[in-house]
Amino acid sequence: MSHENTRSPAIAIGALKTLGADNIAKTTRAIRDEPQRALPILGITNNPDSYGT
């Protein structure tokens, strides 16, 4: 596996650990089963601002 292919999982695991995930496998399964759980991790919310687009 090249270095390019290993960066994304490492970044994802680092983000989960930073957010306090103790069990990375359990957390990734939960995200797999409910992908919308990943949106806040990526900074995506469903709170539109008052300015529009």
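Side-chain atoms are counted along with the backbone in the values below, which use heavy atoms only and exclude waters and symmetry mates. Here the structure is a predicted model, which is why all the values come from computation and not from measurement.
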Handout entry: side chain to side chain contact (heavy atoms under 4.5 Å, CB included) partner of I13, the single match among I24, T18, T28
Key = I24

Exercise for the section: Would you check if L19 and T27 make a side-chain contact, meaning some heavy-atom pair closer than 4.5 Å? Expected result: no

Exercise for the section: Count the heavy atoms belonging to other residues, nucleotides or ligands that lie under 6.0 Å from CG of N23, then report whether that count exceeds 12. Expected result: yes

